[in-house]
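To start, the structure under review is shown below, and the notes come after it.
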Amino acid sequence: MSFTPYTYFQCPCTESNLPTRRLGENASTEEEESDQDDRTFDPRAPRANYSLYPLEYLLYCEDCHQIRCPRCVLDEIVTWYCPNCLFEVPSSTVKSEGNRCTRSCFQCPICIAPLSVSSTEAPPEGLGAEHATQNGPYVLNCAYCAWSSKEIGIQFDKPNGIFAQLSKIQNGGKPIVTPRERRKDREERTRDTSGSTMNEDGVVEDLPGIMNLDPHELLDAESQFSNLKAFYQSQLADSSPASALGFTGEYGYGSPGALSRIMGLYTGGSFAEKKAKSKKGAMREAQDALEGLQITSPASEEKAVNRLLSEGWESTASAVQKKEQSYNTHFVSDLRPIAHLLRTKRSKRCRTCRHILSKPESKVQTTRFRIRLVALNYIPSISIKPLQPATLGRETFLTPMKPTQFLLTFKNPLFDNVKVNIATPASTPGRFSSKVTILCPQFEVGANTDAWEEALREGGGKGTEREKKRTKAEASEGQNQAEAGKIWERGRNWVSVVVEVLPASLKIEGPEFMRSEELKKDDGPLREDEDVVEIPVFVRVEWEADVAHDDTAGLTATSRDKEAKEKRELAYWCVLGVGKIIQD
Amino acid sequence: MSKKVAKGEYIETDTGNKVSRRSQIIGTTNIILGGKTVIQAEVIIRGDLLRTLSSSTGDKSSGNPVAVAIGRYCFFSRGCELRPPGKLYRGSFSHYPLKIADHVFVGPSSIIEAALIGSHVSIGSNCVIGKFAIIKDYVRILDGTVVPPNMVIPSFSVVGGRPGRVVGEVAEGEVDGFDLREVYRGVGNS
């Protein structure tokens with residue numbers, strides 16, 4: 001298993017919380033020792049995992065001059081779209097229809113691959129075959145596991161609008177009465193009974209549109225829920241007291257009691273109160289399937305058990321398959337195609353100053369960003385590689401007790417020079433602490449200018465000064481010396497320094513003086529990732545930035561004096577994962 | 001003045017494409033390379049799988065029909081295979097063109113049978129991209145993924161697993177990491 005060196009940055013949003021104490025331990029001396037005011041950062045603390053991110057995941061707020069991590073930004077949805085048909089869905093439709101695609105985008109219930117619509121007609125042959133249109137009954141096909149909706153007995157008349165067609169058919173081909181149709185039917189019934197229509201003969205006849213619903217019908221979960229809900233709402237409306245106090249808990253406009261209370265607020269209380277001292281009506285429970293009652297019969301369980309006995313294990317749905325379904329299904333033949341969940345484009349906002357940090361375009365096809373303030377453009381990136389090019393096979397493994405040197409390259413993205421100070425505790429935290437020495441803790445990295453800009457600037461008379469600086473610098477730097485106080489190599493906007501690591505031995509048993517404090521307390525076997533050498537490094541970056549005064553620059557003649565340089569600094573912890581120690 | 005032309009690993013064309021001598025490219029007249037593209041050894045590109053529609057569609061093809069169209073700064077690692085997808089449509093089986101945009105990195109031993117791959121896509125090693133898959137821009141496909149046929153992968157997704165599912169999103173800071181210009185410059189002709 002190869003190990004790639006990594007650098008994780010800690011977002012300062014976690015520092016305002018409780019200190020990262022490891023549970024069950026007294027305050028170790030490690031936490032007190034530090035050059036800065038903060039405690040040293042322990043990458044192995046349980047909390048540390050939640051605050052460390054690779055540099056690509058971090059954003060930067062220009063107003064607060066701070067790093068923002070995915071945990072401390074606020075997300076706002078810009079657009080909703082279906083990940084399969086890439087069709088934008090307006091947010092009003094999302095609120096009413098739900099967060100799934102309502103066109104023809106479905107996933108196979110067996111393997112979650114996308115389904116395609118195809119005709120069940122035999123393919124046309126002979127002359128003019130390519131012009132023949134197919135309009136046989138349509139089915140959904142999975143190209144990955146060869147499942148087809150024929151296996152659950154569902155076929156469609158039209159190739160579009162599968163979502164609507166699917167909601168009307170059960171597995172097996174029988175039509176479903178959708179909750180919407182039930183609601184319409186209910187409304188028709190109540191309208192009918194409240195203002196009953198009598199024809200000339202004085203007989204109440206059935207209005208067209210009312211369905212003859214079976215009072216002992218076996219309802220599915222959604223229909224039962226909608227029936228029950230409507231029933232209870234009507235019960236509450238009928239039975240709640242028409243009291244002006246309104247303590248029934250019904251603060252909406254639903255019940256007549258609430259309505260009269262609200263009217264009574266403005267027309268004077270006492271009159272309404274005396275009138276409203278009626279008895280609390282009794283509420284009853286649902287009586288039949290129309291109202292949402294479902295009586296479980298012992299026979300229904302027997303049916304399922306018999307089916308299981310006859311069809312066997314393979315006919316049952318797995319946990320993953322069941323999780324994706326909206327209804328409680330046990331068998332594979334009860335599984336239905338799953339509509340795709342809609343995906344969003346989100347814009348991210350700083351939590352403290354509400355500045356927008358990242359805003360994508362609202363069109364689904366465009367991949368550009370309107371605003372994109374990423375930390376990569378503001379803080380120096382760190383990359384690690386071993387100083388000696390390693391032999392194959394032994395690349396990233398560190399031998400215990402053998403000093404190994406690594407090259408840290410700091411690349412500066414800003415347009416100004418930055419001064420970087422790095423510091424690290426002398427030994428890494430954890431049970432097996434390796435000794436770390438930074439050879440050059442302070443250095444300056446050049447600005448991220450293009451080669452052209454530098455050439456243009458040098459031509460302006462400052463040439464000799466720069467050249468002198470360069471030769472003097474060249475004498476000591478860039479000579480690739482691994483000496484304390486000297487950098488390894490310098491480029492236009494990057495600097496590399498050497499860090500020496502003395503990996504600890506992973507022996508749990510051993511002479512007393514070799515074992516660290518923690519190992520003495522806790523001598524269990526080697527846990528996961530304990531052999532990875534993680535170095536916490538505190539980085540402080542200082543630079544001088546132009547204070548932005550764009551509007552006044554052109555007006556005054558002495559604009560040069562107004563170019564006040566503001567000193568800015570940024571400090572954060574990072575964790576460098578340099579390699580794995582071989583067990584000896 | 002005689003120039004000694006060294007026999008390097010790559011043949012470099014005028015447009016900057018670096019094609020390995022040990023790659024197997026069939027049907028070169030039907031393949032379009034955008035420029036600055038690297039094709040490593042043992043890469044197979046099937047330019048012979050063409051569309052076989054009858055000529056009733058009209059004689060609008062002025063030049064050669066295109067089987068595989070590749071953009072700029074693409075990188076095809078060792079052993080990968082590009083195959084135009086084919087299906088049975090209205091009674092006849094025909095292949096459809098495979099279109100790949102710029103800055104696409106394909107890992108070693110992957111098989112690509114997609115219909116469309118957008119720009120700035122990074123495909124891992126040993127992947128299989130099923131027929132007629134559509135991959136949009138800025139997508140990362142992890143190693144060993146099998147993308148099922150007809151799948152549409154929206155922009156900024158991280159896809160993994162068998163069958164391939166969207167397992168994550170590409171962060172805003174990773175967008176610049178998909179650029180392959182440095183990778184192209186790093187390819188030497190030894």
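First the proteins, then the strands, lettered A, B, ... as listed; each starts at 1. Scope of the values below: all heavy atoms of this structure, side chains included, with no hydrogens, waters or symmetry mates.
- Across every non-hydrogen atom of S155(B) and Y81(A), the tightest pair is O-OH, 4.4 Å.
- The part of S116(A) that comes within reach of chain B is its side chain, from C-beta onward, which places non-hydrogen atoms under 4.5 angstrom from that chain.
- For the pair Y144(A)/V146(B), a side-chain contact is recorded, criterion being any heavy-atom separation below 4.5 Å from C-beta on.
- Of the atoms belonging to L59(A), it is side-chain heavy atoms, and not backbone ones, that fall under 4.5 Å from chain B.
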Check the pair V175(B), R372(A) against side-chain contact (heavy atoms from CB on, under 4.5 Å), reporting the backbone distance first and the verdict last.
CA-CA 10 Å; V175(B) 162; R372(A) 193 169 73 106; 3.6 Å; yes
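- Across all their heavy atoms, Y138(B) and T367(A) have their closest contact at CE1-OG1, 3.6 Å.
- For K348(A), the NZ atom sits in a packed shell: over 12 heavy atoms of surrounding residues, nucleotides or ligands are nearer than 6.0 Å.
- Taken to the nearest 0.5 Å, the CD1 atom of I134(B) stands 9.0 Å off from the CG atom of N84(A).
- For S157(B), the parts sitting under 4.5 Å from any heavy atom of chain A are the backbone and the side chain alike.
- Annotation: the span from N150(B) atom CG to C142(A) atom SG amounts to 9.5 Å, rounded to 0.5 Å.
- Proximity to chain A is limited to the side chain of K136(B), based on heavy atoms less than 4.5 angstrom apart.
- Using a 4.0 Å cut-off between charged side-chain N and carboxylate O, K359(A) and E172(B) make no salt bridge.
- Looking at K345(A), there are no atoms closer than 4.5 Å to chain B (heavy atoms on both sides), in backbone or side chain.
- Residue contact with chain A, scored on non-hydrogen atoms closer than 4.5 Å, involves the side chain of V166(B) exclusively.
- Other residues, nucleotides and ligands place no more than 12 heavy atoms under 6.0 Å from the NZ atom of K99(B).
- A distance of 4.5 Å separates CZ in R343(A) from CD in E169(B), rounded to the nearest 0.5 Å.
- Using a 4.0 Å cut-off between charged nitrogen and carboxylate oxygen, R368(A) and D137(B) do not count as a salt-bridge pair.
- Closest heavy-atom contact between L86(A) and P154(B): CD2-CB, 3.9 Å.
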